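Okay, here's the structure, questions in a sec.
Small disclaimer: the values here were computed from a predicted structure and weren't measured. Lettering of chains follows the sequences in order, A, B, ..., and the numbering in each one begins at 1.
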Number of protein chains: 2
Amino acid sequence: MLSKSCVYSLRSIIFIAYHASKEVKVGIKEIAKELELPEPYLGKILQQLTKHKIILSVKGPHGGFYIEEEAEELKLIRVVEVVDGLDFFYSCGLGLKQCSETHPCPLHDDFKLYRDGLFTLFSNTSIADLVHKIDKGNAFIRNLTKD
Amino acid sequence: MLSKSCVYSLRSIIFIAYHASKEVKVGIKEIAKELELPEPYLGKILQQLTKHKIILSVKGPHGGFYIEEEAEELKLIRVVEVVDGLDFFYSCGLGLKQCSETHPCPLHDDFKLYRDGLFTLFSNTSIADLVHKIDKGNAFIRNLTKD
DNA sequence: ATAATAAAAGATAAAACACTCTTTTAATAT
DNA sequence: ATATTAAAAGAGTGTTTTATCTTTTATTAT
């Protein structure tokens, strides 16, 4: 559903929101190591997110990435939009170019239910929401051992 | 979500179920033209479906593809399984390798809801179900004009 | 000012997916 | 039997996604 670039993005942003601040930034190396992502590829992804002002970066010693407190209210859908685009949420389950209420594919209504549900989920959920779950120990973004 | 191969497969099977029988088969050319799919690629896809006995084929004059009456009860999930595999329906929304009830990602419960919903939809819906909708004029698999 | 650090940028490589072309094989109508 | 038809099979191309490598630029500590 979401591309690898997109899920890497989401997990990285969560990690940054959780571990970094304007005072203490986190670097590509640390993120890649902790989330077990390919480091150079992650570099490209974070570069893209920085360009779109979704995260902030500082070069040089003690440089790295962070996210502003307010920016944690950013909705997941915004990240999806920047990385993958929103095409999926407007697409037909059977790949029909023209599929609409007036000219629906035979799966239209049923598929729309879940596609719209996912759209609403990503639209209503913020990075902060996910960070809180991790904070409370109710969820994880790393592959094993504590978080 | 589903690959192009997969949606091409589903639409073709519906088309075959709707238009062909053991007596009157439909050829690649006709399917490709009606559904506006790349003909040689479609050939490969139908070849794969035939190999898996999802549809049947006959070579030579008046040859082509058809599907047995009973086979129309085939569930969509079986086609997805053969073409794309079922990985998506068991995968994590944030791409975590290990994501489970006991070690969930922060999106787990919400995402699971829709992922499972889609799985159930594809598991409960048969080709025949979709053909009926088209038959009644309530749905379409072609890009425009009547069906 | 200078050296060290870390991200940005650019160029390249590998893999997966989408698609095409050519040759072979099987079926059927004559 | 033979010619014709249409799918099967195999090899190959193009594009996108994922991933890597190298060089440059900006920042900071000394």
Rounded distance (Å) that lies between atom P of D/dA26 and atom CG of A/Leu56: 18 Å
Partner set under side-chain hydrogen bond (donor to acceptor under 3.5 Å, both in side chains) for B/Glu73, not counting sequence neighbours: none
Atom-to-atom span, CD of B/Glu39 to P of C/dC21 - whole angstrom: 10 Å
Close side-chain approach of A/Leu56 to A/Ile67, heavy-atom, < 4.5 Å: no
Atom-to-atom span, NZ of A/Lys25 to C1' of D/dT28 - whole angstrom: 10 Å
Along DNA chain D (nearest heavy atom to each residue), the more 5'-positioned of A/Pro40 and A/Pro61: A/Pro40
Protein-nucleotide distance (A/Leu37, atom CG; D/dA19, atom C1'), rounded to Å: 12 Å
Please list, pair by pair, any protein nitrogen or oxygen found under 3.5 Å from a nitrogen or oxygen in nucleotides 8-11 of chain D.
residue : atom : partner : partner atom : Å
D/dA8   : OP1  : B/Ser57 : OG           : 2.8
D/dA9   : N7   : B/Lys44 : NZ           : 3.2
D/dA9   : N7   : B/Gln47 : OE1          : 3.3
D/dG10  : N7   : B/Lys44 : NZ           : 2.6
D/dG10  : O6   : B/Lys44 : NZ           : 3.1

Atom pairs under 3.5 Å, N or O on each side, protein against nucleotides 15-18 of chain D: can you list them with distances?
residue : atom : partner : partner atom : Å
D/dT18  : OP1  : A/Lys4  : N            : 3.1
D/dT18  : OP2  : A/Ser5  : OG           : 3.4

Residue list, side chain to side chain contact (heavy atoms under 4.5 Å, CB included) with B/Glu39, at least two apart or on another chain: B/Ile28, B/Lys29, B/Ala32
Atom pair distance, as rounded to whole Å: NZ in A/Lys29 and P in D/dT20: 15 Å
By side chain to side chain contact (heavy atoms under 4.5 Å, CB included) - contacts of B/Asp110 (at least two apart): A/Leu121, A/Lys133
Residue pairs fulfilling ring pair (Phe, Tyr, Trp, His ring centres under 6.0 Å) with at least one residue in residues 28-74 of chain A, sequence neighbours excluded: A/Tyr8-A/Tyr41
B/Asp129 side chain to B/Ser126 backbone, donor-acceptor under 3.5 Å: yes
Pairwise 5' ranking along DNA chain C for A/Gly27 and B/His62, keeping only the more 5' one: A/Gly27
Set of residues satisfying side chain to side chain contact (heavy atoms under 4.5 Å, CB included) with respect to B/Lys33, sequence neighbours excluded: none
Residue pairs involving residues 48-71 of chain B (criterion salt bridge (charged side-chain N to carboxylate O under 4.0 Å, His left out); sequence neighbours excluded): none
Whole angstrom value for the distance that separates C1' of C/dA27 from OH of B/Tyr66: 13 Å
Pairing residues for A/Gln47 by the side chain to side chain contact (heavy atoms under 4.5 Å, CB included) criterion, not counting sequence neighbours: A/Lys44
